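Have a look at the structure below before the remarks.
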Amino acid sequence: MVRVRYAPSPTGTLHIGGARTALFNYLFARHHHGRFILRVEDTDRARLVPGSEEGMIRGLRSLGITWNEGPDVGGDYGPYRVSERIHRHHEAVKQLLDQGSAYRCYCTTEELENEKKRLESLKLPPRYSGKCRLRPPDDPIFQSDKPFVVRMKVPTEGETVVDDLIRGRVVFENRILDDFVIQKSDGNPVYNFAVVLDDHDMAITHVIRGEEHLSNTPKQILIYRALSLPVPEFAHLPMILAPDRTKVSKRHGATSVEEYRAQGILPEALVNYLLLLGWSAPDETEMMTLDQAAEWFDLARVQHTAAIYDYKKLVWMNSQYMRTMSVETLIEYALPFVEARHLDLSHGPDLARTVELVRERAHTLQDLTEALAFFYERPKTFDSQGMAKHFALDATPARLRVLADRLSQLRTWDHDHLARVYDEEAQRQGIKRAALIHPTRLAVTGKTVGPGLFELLEVLGQEETVARLYDVATAIEEERLTPTP
RNA sequence: GACCCCAUGGUCUAGAGGCCUAGGACAUCACCCUUUCAAGGUGGUAACGCGGGUUCGAAUCCCGCUGGGGUCACCA
(Lines give C-alpha, C1' and ligand atoms only; values in the text may rest on other atoms or scores of the structure.)
Protein backbone atom coordinates (compact mmCIF):
# COMPACT_ATOMS: atom_id res chain seq x y z
CA MET A 1 0.00 0.00 0.00
CA VAL A 2 1.46 3.30 -1.11
CA ARG A 3 1.46 5.94 1.62
CA VAL A 4 2.71 9.44 0.93
CA ARG A 5 2.50 12.68 2.81
CA TYR A 6 2.73 16.43 2.49
CA ALA A 7 4.32 17.94 5.59
CA PRO A 8 4.19 21.72 5.64
CA SER A 9 5.43 23.80 8.52
CA PRO A 10 2.75 26.17 9.79
CA THR A 11 4.93 29.25 9.52
CA GLY A 12 3.21 31.07 6.72
CA THR A 13 0.77 30.69 3.87
CA LEU A 14 0.39 27.94 1.32
CA HIS A 15 2.55 29.03 -1.57
CA ILE A 16 2.57 27.61 -5.06
CA GLY A 17 5.62 25.43 -4.47
CA GLY A 18 4.01 23.77 -1.49
CA ALA A 19 0.73 23.43 -3.31
CA ARG A 20 2.47 21.72 -6.22
CA THR A 21 4.28 19.32 -3.87
CA ALA A 22 1.00 18.48 -2.16
CA LEU A 23 -0.64 18.05 -5.53
CA PHE A 24 1.96 15.62 -6.84
CA ASN A 25 1.81 13.60 -3.64
CA TYR A 26 -1.96 13.51 -3.88
CA LEU A 27 -1.89 12.42 -7.51
CA PHE A 28 0.74 9.78 -6.86
CA ALA A 29 -1.35 8.32 -4.05
CA ARG A 30 -4.49 8.32 -6.14
CA HIS A 31 -2.77 6.79 -9.12
CA HIS A 32 -1.54 3.92 -6.99
CA HIS A 33 -4.73 3.66 -4.96
CA GLY A 34 -2.75 4.53 -1.89
CA ARG A 35 -3.20 6.97 0.95
CA PHE A 36 -2.30 10.63 1.15
CA ILE A 37 -1.48 12.01 4.57
CA LEU A 38 -1.27 15.60 5.76
CA ARG A 39 1.12 16.16 8.60
CA VAL A 40 1.89 19.45 10.28
CA GLU A 41 5.59 19.96 10.81
CA ASP A 42 5.51 22.27 13.81
CA THR A 43 8.78 21.30 15.45
CA ASP A 44 9.89 24.91 15.73
CA ARG A 45 7.47 26.35 18.25
CA ALA A 46 9.12 29.76 18.06
CA ARG A 47 8.28 30.29 14.41
CA LEU A 48 4.73 29.05 14.58
CA VAL A 49 2.27 31.46 13.02
CA PRO A 50 -1.25 31.39 14.46
CA GLY A 51 -3.85 30.49 11.87
CA SER A 52 -1.26 29.18 9.45
CA GLU A 53 -2.33 25.57 9.77
CA GLU A 54 -5.96 26.48 9.15
CA GLY A 55 -4.97 28.61 6.20
CA MET A 56 -3.03 25.78 4.60
CA ILE A 57 -5.85 23.35 5.09
CA ARG A 58 -8.28 25.83 3.57
CA GLY A 59 -5.92 26.45 0.66
CA LEU A 60 -5.40 22.79 -0.13
CA ARG A 61 -9.10 22.05 0.08
CA SER A 62 -9.91 24.96 -2.18
CA LEU A 63 -7.70 23.37 -4.83
CA GLY A 64 -9.61 20.11 -4.57
CA ILE A 65 -6.79 18.28 -2.83
CA THR A 66 -8.02 15.94 -0.10
CA TRP A 67 -6.25 13.64 2.31
CA ASN A 68 -7.08 10.38 4.00
CA GLU A 69 -5.38 11.17 7.26
CA GLY A 70 -4.44 14.45 8.87
CA PRO A 71 -4.72 16.68 11.91
CA ASP A 72 -8.25 17.70 10.98
CA VAL A 73 -9.59 14.30 9.92
CA GLY A 74 -7.63 11.97 12.18
CA GLY A 75 -6.42 8.51 11.20
CA ASP A 76 -4.79 5.39 12.59
CA TYR A 77 -1.26 6.78 12.58
CA GLY A 78 -1.78 9.96 14.57
CA PRO A 79 -1.17 12.34 16.03
CA TYR A 80 -0.59 14.27 12.82
CA ARG A 81 1.00 17.27 14.46
CA VAL A 82 4.70 16.69 15.01
CA SER A 83 4.75 18.61 18.27
CA GLU A 84 2.38 16.03 19.68
CA ARG A 85 4.74 13.20 18.89
CA ILE A 86 7.60 14.49 21.02
CA HIS A 87 7.73 11.41 23.26
CA ARG A 88 8.58 9.29 20.23
CA HIS A 89 11.44 11.58 19.33
CA HIS A 90 12.78 11.44 22.86
CA GLU A 91 12.66 7.65 22.82
CA ALA A 92 14.66 7.56 19.62
CA VAL A 93 17.19 10.08 20.86
CA LYS A 94 17.68 7.98 23.97
CA GLN A 95 18.22 4.90 21.86
CA LEU A 96 20.84 6.65 19.73
CA LEU A 97 22.55 8.00 22.84
CA ASP A 98 22.53 4.60 24.54
CA GLN A 99 23.96 2.78 21.56
CA GLY A 100 26.59 5.45 21.00
CA SER A 101 25.27 6.69 17.66
CA ALA A 102 24.76 10.17 19.04
CA TYR A 103 26.28 12.30 21.79
CA ARG A 104 25.58 15.33 23.92
CA CYS A 105 27.27 18.53 22.83
CA TYR A 106 27.86 21.35 25.31
CA CYS A 107 29.48 23.82 22.97
CA THR A 108 27.97 27.28 23.27
CA THR A 109 26.57 29.27 20.41
CA GLU A 110 29.45 31.74 20.69
CA GLU A 111 32.02 28.98 20.52
CA LEU A 112 30.40 27.52 17.46
CA GLU A 113 30.15 30.86 15.75
CA ASN A 114 33.78 31.69 16.38
CA GLU A 115 34.81 28.32 15.05
CA LYS A 116 32.65 28.83 12.00
CA LYS A 117 34.16 32.25 11.33
CA ARG A 118 37.64 30.88 11.76
CA LEU A 119 37.00 28.12 9.21
CA GLU A 120 35.41 30.52 6.79
CA SER A 121 38.36 32.86 6.98
CA LEU A 122 40.54 29.90 6.05
CA LYS A 123 38.15 29.22 3.15
CA LEU A 124 37.26 25.89 4.67
CA PRO A 125 33.74 24.50 4.80
CA PRO A 126 32.06 25.41 8.11
CA ARG A 127 31.74 22.10 9.86
CA TYR A 128 31.39 21.24 13.52
CA SER A 129 34.76 20.31 14.98
CA GLY A 130 33.54 17.26 16.86
CA LYS A 131 34.93 18.63 20.11
CA CYS A 132 32.30 17.01 22.33
CA ARG A 133 32.40 13.81 20.33
CA LEU A 134 35.93 13.34 21.58
CA ARG A 135 35.17 13.93 25.26
CA PRO A 136 35.86 10.89 27.43
CA PRO A 137 32.71 9.28 28.89
CA ASP A 138 33.75 10.28 32.41
CA ASP A 139 34.07 13.95 31.48
CA PRO A 140 32.41 15.77 34.42
CA ILE A 141 30.53 17.97 31.98
CA PHE A 142 28.17 15.07 31.29
CA GLN A 143 27.08 15.19 34.94
CA SER A 144 26.56 18.95 34.93
CA ASP A 145 23.25 20.69 34.35
CA LYS A 146 24.59 22.79 31.52
CA PRO A 147 22.38 23.02 28.45
CA PHE A 148 23.27 20.67 25.63
CA VAL A 149 22.19 19.62 22.19
CA VAL A 150 22.34 16.10 20.85
CA ARG A 151 24.44 15.49 17.79
CA MET A 152 24.52 12.59 15.40
CA LYS A 153 27.82 10.75 15.20
CA VAL A 154 28.38 10.81 11.46
CA PRO A 155 30.77 8.23 10.01
CA THR A 156 33.96 9.87 8.76
CA GLU A 157 34.36 7.43 5.93
CA GLY A 158 32.26 5.79 3.28
CA GLU A 159 29.39 7.19 1.35
CA THR A 160 25.62 7.47 1.64
CA VAL A 161 23.59 6.84 -1.45
CA VAL A 162 20.19 8.29 -2.22
CA ASP A 163 18.34 6.29 -4.84
CA ASP A 164 16.05 8.98 -6.10
CA LEU A 165 13.02 7.95 -8.13
CA ILE A 166 13.36 11.02 -10.31
CA ARG A 167 17.10 11.64 -10.39
CA GLY A 168 18.56 8.21 -9.99
CA ARG A 169 21.55 7.41 -7.85
CA VAL A 170 23.00 10.37 -5.94
CA VAL A 171 26.16 9.74 -3.94
CA PHE A 172 27.30 11.75 -0.93
CA GLU A 173 30.63 11.31 0.79
CA ASN A 174 30.11 10.95 4.51
CA ARG A 175 33.20 12.97 5.31
CA ILE A 176 31.61 16.13 3.93
CA LEU A 177 28.78 15.81 6.43
CA ASP A 178 29.38 17.04 9.95
CA ASP A 179 27.87 15.94 13.23
CA PHE A 180 24.53 17.65 12.82
CA VAL A 181 22.16 18.45 15.65
CA ILE A 182 19.15 16.19 16.13
CA GLN A 183 17.83 17.66 19.36
CA LYS A 184 17.89 21.31 20.34
CA SER A 185 18.87 22.55 23.78
CA ASP A 186 15.19 23.14 24.57
CA GLY A 187 14.61 19.42 24.13
CA ASN A 188 12.79 19.71 20.81
CA PRO A 189 13.85 17.60 17.87
CA VAL A 190 15.28 19.17 14.75
CA TYR A 191 13.33 18.68 11.53
CA ASN A 192 15.83 16.32 9.92
CA PHE A 193 15.45 14.01 12.86
CA ALA A 194 11.73 14.28 13.53
CA VAL A 195 10.88 13.73 9.90
CA VAL A 196 12.55 10.33 9.94
CA LEU A 197 10.65 9.12 12.96
CA ASP A 198 7.35 10.49 11.75
CA ASP A 199 7.67 9.11 8.24
CA HIS A 200 8.52 5.73 9.69
CA ASP A 201 5.79 5.75 12.31
CA MET A 202 3.24 6.78 9.70
CA ALA A 203 4.42 3.97 7.42
CA ILE A 204 5.29 6.38 4.64
CA THR A 205 6.49 4.42 1.62
CA HIS A 206 7.47 7.29 -0.70
CA VAL A 207 8.85 10.62 0.36
CA ILE A 208 8.01 13.06 -2.43
CA ARG A 209 9.20 16.58 -1.74
CA GLY A 210 11.00 19.58 -3.16
CA GLU A 211 14.53 19.43 -4.45
CA GLU A 212 15.77 21.67 -1.66
CA HIS A 213 15.58 18.58 0.53
CA LEU A 214 17.89 16.45 -1.58
CA SER A 215 21.03 17.63 0.18
CA ASN A 216 19.54 16.73 3.55
CA THR A 217 18.50 13.27 2.55
CA PRO A 218 21.81 11.55 3.36
CA LYS A 219 21.52 12.84 6.92
CA GLN A 220 18.11 11.31 7.19
CA ILE A 221 19.27 8.03 5.72
CA LEU A 222 22.02 7.93 8.33
CA ILE A 223 19.35 8.24 11.02
CA TYR A 224 17.22 5.48 9.50
CA ARG A 225 20.27 3.23 9.50
CA ALA A 226 21.30 4.08 13.06
CA LEU A 227 17.78 3.29 14.24
CA SER A 228 17.61 0.14 12.08
CA LEU A 229 14.54 1.45 10.31
CA PRO A 230 13.64 0.66 6.70
CA VAL A 231 14.45 3.52 4.35
CA PRO A 232 11.53 4.74 2.22
CA GLU A 233 11.73 5.62 -1.45
CA PHE A 234 12.65 9.21 -2.23
CA ALA A 235 11.60 11.46 -5.08
CA HIS A 236 12.80 15.05 -5.26
CA LEU A 237 10.67 17.36 -7.33
CA PRO A 238 12.23 20.21 -9.31
CA MET A 239 11.82 23.64 -7.79
CA ILE A 240 9.40 26.30 -8.92
CA LEU A 241 11.32 29.51 -9.48
CA ALA A 242 10.17 33.12 -9.84
CA PRO A 243 10.57 34.87 -13.19
CA ASP A 244 13.97 36.19 -12.08
CA ARG A 245 15.14 32.59 -11.67
CA THR A 246 15.45 32.77 -7.91
CA LYS A 247 13.57 30.99 -5.20
CA VAL A 248 10.02 32.25 -4.84
CA SER A 249 9.60 34.81 -2.06
CA LYS A 250 7.28 37.59 -0.97
CA ARG A 251 8.96 40.20 -3.08
CA HIS A 252 7.86 38.35 -6.21
CA GLY A 253 4.26 39.44 -5.81
CA ALA A 254 1.50 36.89 -5.82
CA THR A 255 2.93 33.54 -4.87
CA SER A 256 0.42 32.17 -2.41
CA VAL A 257 -2.74 30.31 -3.19
CA GLU A 258 -4.66 32.87 -1.17
CA GLU A 259 -3.31 35.78 -3.20
CA TYR A 260 -4.29 34.15 -6.46
CA ARG A 261 -7.78 33.59 -5.13
CA ALA A 262 -7.99 37.25 -4.17
CA GLN A 263 -6.93 38.25 -7.67
CA GLY A 264 -9.77 36.27 -9.14
CA ILE A 265 -7.96 33.17 -10.30
CA LEU A 266 -10.18 30.10 -10.14
CA PRO A 267 -8.81 27.21 -8.08
CA GLU A 268 -9.48 24.85 -10.98
CA ALA A 269 -7.23 26.96 -13.17
CA LEU A 270 -4.52 27.31 -10.58
CA VAL A 271 -4.33 23.62 -9.84
CA ASN A 272 -4.38 22.79 -13.54
CA TYR A 273 -1.59 25.25 -14.18
CA LEU A 274 0.47 23.91 -11.28
CA LEU A 275 0.07 20.44 -12.73
CA LEU A 276 1.98 21.55 -15.80
CA LEU A 277 4.92 22.86 -13.81
CA GLY A 278 7.26 19.91 -13.85
CA TRP A 279 4.95 17.30 -15.27
CA SER A 280 3.24 16.66 -18.56
CA ALA A 281 0.60 14.16 -19.64
CA PRO A 282 1.73 11.39 -21.99
CA ASP A 283 -0.15 12.97 -24.89
CA GLU A 284 0.66 16.54 -23.84
CA THR A 285 -2.93 17.33 -22.89
CA GLU A 286 -2.91 20.56 -20.92
CA MET A 287 -6.45 21.20 -19.79
CA MET A 288 -7.49 18.39 -17.52
CA THR A 289 -9.33 17.51 -14.34
CA LEU A 290 -7.66 16.08 -11.25
CA ASP A 291 -9.31 12.75 -12.03
CA GLN A 292 -7.61 12.60 -15.41
CA ALA A 293 -4.32 13.76 -13.95
CA ALA A 294 -4.48 11.06 -11.27
CA GLU A 295 -4.99 8.45 -13.93
CA TRP A 296 -1.98 9.61 -15.95
CA PHE A 297 0.34 10.69 -13.19
CA ASP A 298 3.75 9.05 -13.19
CA LEU A 299 6.95 10.15 -11.46
CA ALA A 300 8.88 9.03 -14.50
CA ARG A 301 7.33 11.92 -16.40
CA VAL A 302 8.38 14.50 -13.85
CA GLN A 303 10.87 17.03 -15.17
CA HIS A 304 14.37 17.29 -13.69
CA THR A 305 14.69 20.99 -14.37
CA ALA A 306 13.37 23.80 -12.22
CA ALA A 307 10.35 25.57 -13.70
CA ILE A 308 9.69 29.28 -13.80
CA TYR A 309 6.05 30.11 -13.35
CA ASP A 310 4.43 32.26 -15.97
CA TYR A 311 1.61 34.44 -14.74
CA LYS A 312 0.35 35.09 -18.25
CA LYS A 313 -0.24 31.46 -18.97
CA LEU A 314 -1.99 31.05 -15.64
CA VAL A 315 -4.31 33.90 -16.56
CA TRP A 316 -4.92 32.43 -19.98
CA MET A 317 -5.82 29.13 -18.39
CA ASN A 318 -8.12 30.96 -16.01
CA SER A 319 -9.93 32.55 -18.92
CA GLN A 320 -10.38 29.11 -20.46
CA TYR A 321 -12.03 27.85 -17.30
CA MET A 322 -14.17 30.95 -16.98
CA ARG A 323 -15.70 30.43 -20.36
CA THR A 324 -16.22 26.69 -20.18
CA MET A 325 -17.47 26.11 -16.65
CA SER A 326 -21.18 26.25 -15.82
CA VAL A 327 -22.64 29.70 -15.21
CA GLU A 328 -23.88 28.56 -11.82
CA THR A 329 -20.39 27.63 -10.67
CA LEU A 330 -18.89 30.75 -12.16
CA ILE A 331 -21.44 32.89 -10.35
CA GLU A 332 -20.63 31.16 -7.09
CA TYR A 333 -16.99 32.12 -7.51
CA ALA A 334 -17.81 35.61 -8.71
CA LEU A 335 -20.26 36.54 -5.96
CA PRO A 336 -17.65 37.57 -3.38
CA PHE A 337 -16.10 39.90 -5.95
CA VAL A 338 -19.45 41.34 -6.90
CA GLU A 339 -20.17 42.00 -3.24
CA ALA A 340 -16.76 43.56 -2.67
CA ARG A 341 -17.53 45.84 -5.60
CA HIS A 342 -20.79 46.84 -3.83
CA LEU A 343 -22.96 46.07 -6.81
CA ASP A 344 -26.64 46.07 -6.02
CA LEU A 345 -27.99 43.02 -7.77
CA SER A 346 -31.55 43.61 -6.68
CA HIS A 347 -32.16 46.25 -9.32
CA GLY A 348 -30.30 45.16 -12.42
CA PRO A 349 -30.72 42.18 -14.74
CA ASP A 350 -30.27 38.59 -13.67
CA LEU A 351 -26.60 37.93 -12.89
CA ALA A 352 -26.61 34.78 -14.99
CA ARG A 353 -27.45 36.81 -18.08
CA THR A 354 -24.83 39.50 -17.52
CA VAL A 355 -22.14 37.00 -16.62
CA GLU A 356 -22.90 35.04 -19.75
CA LEU A 357 -22.42 38.19 -21.77
CA VAL A 358 -19.04 39.22 -20.42
CA ARG A 359 -17.41 35.95 -19.36
CA GLU A 360 -15.66 35.25 -22.63
CA ARG A 361 -13.74 38.49 -22.63
CA ALA A 362 -12.73 38.45 -18.96
CA HIS A 363 -9.50 36.91 -17.75
CA THR A 364 -10.04 36.96 -14.02
CA LEU A 365 -13.00 37.22 -11.69
CA GLN A 366 -11.99 40.82 -11.09
CA ASP A 367 -12.17 41.58 -14.81
CA LEU A 368 -15.48 39.84 -14.92
CA THR A 369 -16.91 41.92 -12.11
CA GLU A 370 -15.60 45.14 -13.60
CA ALA A 371 -17.00 44.20 -16.99
CA LEU A 372 -20.53 43.65 -15.75
CA ALA A 373 -20.66 46.52 -13.28
CA PHE A 374 -22.40 48.90 -15.67
CA PHE A 375 -25.47 46.70 -15.69
CA TYR A 376 -26.01 47.54 -12.03
CA GLU A 377 -24.82 51.11 -11.77
CA ARG A 378 -24.79 53.98 -14.22
CA PRO A 379 -21.32 54.90 -15.46
CA LYS A 380 -19.78 57.67 -13.39
CA THR A 381 -16.99 58.36 -15.85
CA PHE A 382 -16.62 57.98 -19.59
CA ASP A 383 -13.62 56.73 -21.52
CA SER A 384 -11.74 59.89 -22.43
CA GLN A 385 -10.46 58.71 -25.79
CA GLY A 386 -13.92 57.42 -26.55
CA MET A 387 -15.42 60.82 -25.75
CA ALA A 388 -13.05 62.51 -28.16
CA LYS A 389 -13.97 59.99 -30.80
CA HIS A 390 -17.67 59.41 -30.37
CA PHE A 391 -19.06 62.42 -28.53
CA ALA A 392 -17.16 65.11 -30.43
CA LEU A 393 -19.75 65.88 -33.07
CA ASP A 394 -22.25 68.65 -32.36
CA ALA A 395 -24.90 66.30 -33.64
CA THR A 396 -24.22 63.67 -30.98
CA PRO A 397 -26.78 64.73 -28.37
CA ALA A 398 -29.46 64.98 -31.02
CA ARG A 399 -28.57 61.57 -32.39
CA LEU A 400 -28.72 60.01 -28.96
CA ARG A 401 -32.13 61.58 -28.36
CA VAL A 402 -33.51 60.33 -31.65
CA LEU A 403 -32.33 56.86 -30.75
CA ALA A 404 -33.85 57.16 -27.30
CA ASP A 405 -37.14 58.32 -28.82
CA ARG A 406 -37.28 55.43 -31.21
CA LEU A 407 -36.13 52.85 -28.69
CA SER A 408 -38.78 53.96 -26.26
CA GLN A 409 -41.38 53.15 -28.93
CA LEU A 410 -40.09 49.61 -29.48
CA ARG A 411 -42.71 46.99 -28.69
CA THR A 412 -40.37 43.99 -28.75
CA TRP A 413 -37.11 44.54 -26.91
CA ASP A 414 -34.68 42.03 -28.34
CA HIS A 415 -31.51 41.84 -30.35
CA ASP A 416 -33.08 41.74 -33.80
CA HIS A 417 -35.54 44.55 -33.23
CA LEU A 418 -32.81 46.71 -31.75
CA ALA A 419 -30.58 46.04 -34.70
CA ARG A 420 -33.36 47.05 -37.05
CA VAL A 421 -33.76 50.41 -35.31
CA TYR A 422 -30.08 51.15 -35.76
CA ASP A 423 -30.09 50.05 -39.39
CA GLU A 424 -33.11 52.20 -40.22
CA GLU A 425 -31.88 55.20 -38.34
CA ALA A 426 -28.46 55.04 -39.93
CA GLN A 427 -30.02 54.85 -43.35
CA ARG A 428 -32.41 57.68 -42.63
CA GLN A 429 -29.61 59.94 -41.46
CA GLY A 430 -27.31 58.81 -44.21
CA ILE A 431 -24.57 57.74 -41.83
CA LYS A 432 -22.84 54.50 -40.98
CA ARG A 433 -24.42 52.25 -38.44
CA ALA A 434 -21.20 52.37 -36.44
CA ALA A 435 -21.67 56.12 -36.01
CA LEU A 436 -24.72 55.30 -33.92
CA ILE A 437 -23.46 52.14 -32.25
CA HIS A 438 -20.29 53.56 -30.72
CA PRO A 439 -21.84 56.66 -29.14
CA THR A 440 -24.59 54.47 -27.73
CA ARG A 441 -22.16 52.05 -26.16
CA LEU A 442 -20.16 54.84 -24.63
CA ALA A 443 -23.26 56.58 -23.35
CA VAL A 444 -24.73 53.46 -21.81
CA THR A 445 -21.59 51.75 -20.44
CA GLY A 446 -19.03 54.54 -20.18
CA LYS A 447 -16.64 52.33 -22.11
CA THR A 448 -15.59 51.69 -25.65
CA VAL A 449 -15.20 47.98 -25.17
CA GLY A 450 -17.62 45.28 -24.20
CA PRO A 451 -20.20 42.85 -25.49
CA GLY A 452 -22.04 43.35 -28.76
CA LEU A 453 -24.26 46.39 -28.41
CA PHE A 454 -27.58 44.74 -29.19
CA GLU A 455 -27.04 41.81 -26.82
CA LEU A 456 -25.98 44.27 -24.21
CA LEU A 457 -29.00 46.52 -24.61
CA GLU A 458 -31.34 43.57 -24.67
CA VAL A 459 -30.12 42.58 -21.22
CA LEU A 460 -29.87 46.12 -19.87
CA GLY A 461 -33.54 46.65 -20.60
CA GLN A 462 -35.61 49.23 -22.39
CA GLU A 463 -36.34 51.61 -19.56
CA GLU A 464 -32.77 51.86 -18.36
CA THR A 465 -31.32 52.17 -21.86
CA VAL A 466 -33.63 55.00 -22.81
CA ALA A 467 -33.05 56.82 -19.54
CA ARG A 468 -29.30 56.66 -19.88
CA LEU A 469 -29.38 57.92 -23.45
CA TYR A 470 -31.45 60.98 -22.52
CA ASP A 471 -29.28 61.69 -19.51
CA VAL A 472 -26.04 61.52 -21.37
CA ALA A 473 -27.37 63.63 -24.24
CA THR A 474 -28.11 66.40 -21.78
CA ALA A 475 -24.87 65.92 -19.91
CA ILE A 476 -22.89 66.32 -23.11
CA GLU A 477 -24.61 69.59 -23.85
CA GLU A 478 -24.02 70.83 -20.35
CA GLU A 479 -20.46 69.59 -20.48
CA ARG A 480 -20.69 67.81 -17.18
CA LEU A 481 -19.35 64.44 -18.24
CA THR A 482 -16.35 63.17 -16.27
CA PRO A 483 -13.72 61.50 -18.42
CA THR A 484 -12.16 58.29 -17.17
CA PRO A 485 -8.65 59.06 -15.95
C1' G B 1 33.74 28.60 -1.12
C1' A B 2 32.48 23.10 -0.52
C1' C B 3 28.90 19.51 -1.82
C1' C B 4 24.61 18.17 -4.74
C1' C B 5 21.08 18.79 -8.80
C1' C B 6 20.05 20.62 -13.63
C1' A B 7 20.67 22.39 -19.00
C1' U B 8 15.31 22.09 -25.97
C1' G B 9 12.53 29.17 -28.33
C1' G B 10 10.99 34.78 -23.67
C1' U B 11 8.02 30.86 -20.47
C1' C B 12 5.89 25.66 -19.70
C1' U B 13 7.15 21.43 -22.36
C1' A B 14 7.31 16.76 -26.33
C1' G B 15 11.57 14.12 -27.52
C1' A B 16 14.32 7.66 -24.11
C1' G B 17 20.33 7.08 -31.32
C1' G B 18 17.78 7.27 -37.30
C1' C B 19 10.25 8.79 -37.28
C1' C B 20 13.53 15.93 -36.15
C1' U B 21 13.48 20.20 -42.11
C1' A B 22 13.14 19.63 -33.64
C1' G B 23 6.45 19.08 -32.36
C1' G B 24 2.62 21.39 -28.95
C1' A B 25 0.93 25.37 -25.41
C1' C B 26 1.38 30.52 -23.45
C1' A B 27 3.43 35.05 -24.93
C1' U B 28 4.69 37.97 -29.28
C1' C B 29 4.09 39.92 -34.60
C1' A B 30 1.07 40.18 -39.22
C1' C B 31 -3.33 39.37 -41.75
C1' C B 32 -8.62 37.77 -41.92
C1' C B 33 -13.39 38.21 -39.47
C1' U B 34 -15.92 42.44 -37.19
C1' U B 35 -20.46 47.56 -34.20
C1' U B 36 -15.79 48.01 -30.09
C1' C B 37 -13.03 44.62 -27.17
C1' A B 38 -12.39 39.77 -26.63
C1' A B 39 -12.90 35.13 -28.96
C1' G B 40 -11.96 32.56 -33.46
C1' G B 41 -9.19 31.57 -38.18
C1' U B 42 -4.55 31.82 -41.10
C1' G B 43 0.46 32.71 -41.27
C1' G B 44 5.27 34.43 -39.11
C1' U B 45 9.57 35.38 -35.65
C1' A B 46 11.88 32.27 -32.03
C1' A B 47 15.36 26.69 -29.04
C1' C B 48 18.65 21.56 -28.75
C1' G B 49 24.55 26.60 -24.06
C1' C B 50 29.90 25.54 -25.80
C1' G B 51 33.89 22.05 -26.84
C1' G B 52 35.54 17.21 -27.27
C1' G B 53 34.52 12.09 -27.86
C1' U B 54 31.41 7.18 -28.92
C1' U B 55 28.61 5.74 -33.44
C1' C B 56 27.46 4.61 -40.25
C1' G B 57 24.23 8.21 -37.61
C1' A B 58 23.39 12.30 -31.42
C1' A B 59 18.78 17.06 -29.01
C1' U B 60 19.05 11.98 -27.29
C1' C B 61 25.11 8.16 -24.71
C1' C B 62 30.19 9.65 -22.24
C1' C B 63 33.79 13.54 -20.61
C1' G B 64 35.14 18.62 -19.86
C1' C B 65 33.79 23.74 -19.74
C1' U B 66 30.24 27.37 -19.05
C1' G B 67 25.75 28.79 -17.04
C1' G B 68 21.57 28.36 -13.64
C1' G B 69 19.57 26.43 -9.15
C1' G B 70 19.72 24.12 -4.32
C1' U B 71 22.06 22.78 0.43
C1' C B 72 25.61 23.75 3.89
C1' A B 73 21.30 26.51 11.23
C1' C B 74 19.91 24.59 18.16
C1' C B 75 14.66 26.83 10.11
C1' A B 76 11.65 23.53 7.87
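The structure displayed is predicted, hence computed values, not measured ones. Convention: sequence-line order gives letters A, B, ...; per-chain numbering from 1.
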Expressed as a whole number of Å, how far does the C1' atom of rA2(B) sit from that of rC61(B)? 29 Å
Sticking with atom C1', work out how far rU66(B) lies from rG51(B), rounded to a whole angstrom. 10 Å
Spell out protein contact along nucleotides 71-76 of chain B as letters: B when the base is contacted, S when just the sugar-phosphate is, - when no protein heavy atom is under 4.0 Å; keep the 5' to 3' order. S-SBBB
Could you tell me whether the side chains of E159(A) and N174(A) share a donor-acceptor contact shorter than 3.5 Å? no
Can you pull the side chain to side chain donor-acceptor pair (under 3.5 Å) pairs that have at least one residue in residues 272-286 of chain A, sequence neighbours excluded? N272(A)-Y321(A), S280(A)-R301(A), D283(A)-T285(A), E286(A)-K313(A)
Spacing of H304(A) atom NE2 relative to rU60(B) atom P, expressed in whole Å: 16 Å
The Watson-Crick or G-U wobble partner of rA22(B), with both key distances under 3.5 Å, is none
Protein heavy-atom contacts under 4.0 Å, written 5' to 3' over nucleotides 41-46 of chain B as B (base), S (sugar-phosphate only) or - (none), form the string ------
Check R420(A), E458(A), E455(A) against H415(A) for a side chain to side chain donor-acceptor pair (under 3.5 Å) and give me the one that passes. E455(A)
For rG57(B), give its Watson-Crick or G-U wobble partner with both distances under 3.5 Å, or none. none
Can you list everything that forms a salt bridge (Lys or Arg N to Asp or Glu O under 4.0 Å) with E84(A)? Sequence neighbours excluded, please. R81(A)
For nucleotides 9-15 of chain B, read 5' to 3', which letter fits each nucleotide if B means a protein heavy atom sits under 4.0 Å from the base, S means only the sugar-phosphate is that close, and - means neither? --SBSSS
For rA38(B), what is the paired nucleotide under Watson-Crick or G-U wobble rules, both distances under 3.5 Å? none
Interatomic distance at P, rG1(B) relative to rG40(B), whole Å: 48 Å
Tabulate atom names and distances for all N/O pairs under 3.5 angstrom spanning the protein and nucleotides 28-37 of chain B.
unit_1  : atom_1 : unit_2  : atom_2 : d
rU35(B) : OP1    : R433(A) : NH2    : 3.4
rU35(B) : O2'    : H438(A) : NE2    : 3.2
rU35(B) : O2     : R441(A) : NH2    : 2.7
rU35(B) : N3     : L453(A) : N      : 3.4
rU36(B) : O2'    : T448(A) : O      : 2.9
rU36(B) : O2     : T448(A) : O      : 3.2
rU36(B) : O2     : G450(A) : N      : 2.9
rU36(B) : O2     : G450(A) : O      : 3.4
rU36(B) : N3     : G450(A) : O      : 2.6
rU36(B) : O4     : G450(A) : O      : 3.4
rU36(B) : O4     : G452(A) : N      : 3.2
rC37(B) : O2     : R361(A) : NH1    : 2.9
rC37(B) : N3     : R361(A) : NH1    : 2.5

For a quick check under 3.5 Å, do T217(A) and H236(A) share a side-chain donor-acceptor pair by atom type? yes
Base paired to rG64(B) (Watson-Crick or G-U; both N/O distances under 3.5 angstrom): rC50(B)
Any side-chain heavy atom of E111(A) within less than 4.5 Å of one from E115(A)? no
Geometric class of the Y260(A)/Y311(A) ring pair [parallel <30°, tilted 30-60°, perpendicular >60°]: parallel
For rC72(B), the Watson-Crick or wobble partner whose two distances fall under 3.5 Å: rG1(B)
Rounding to the closest angstrom, what is the interatomic distance between rA22(B) and rA14(B) at atom C1'? 10 Å
P atom, rA38(B) versus rA30(B): distance in rounded Å? 13 Å
Distance check needed: rC6(B) P versus L241(A) CG, whole Å only. 15 Å
Just to be sure I understand the rule, does V171(A) reach a base, reach only the sugar-phosphate, or reach nothing, if contact means heavy atoms closer than 4.0 Å? sugar-phosphate
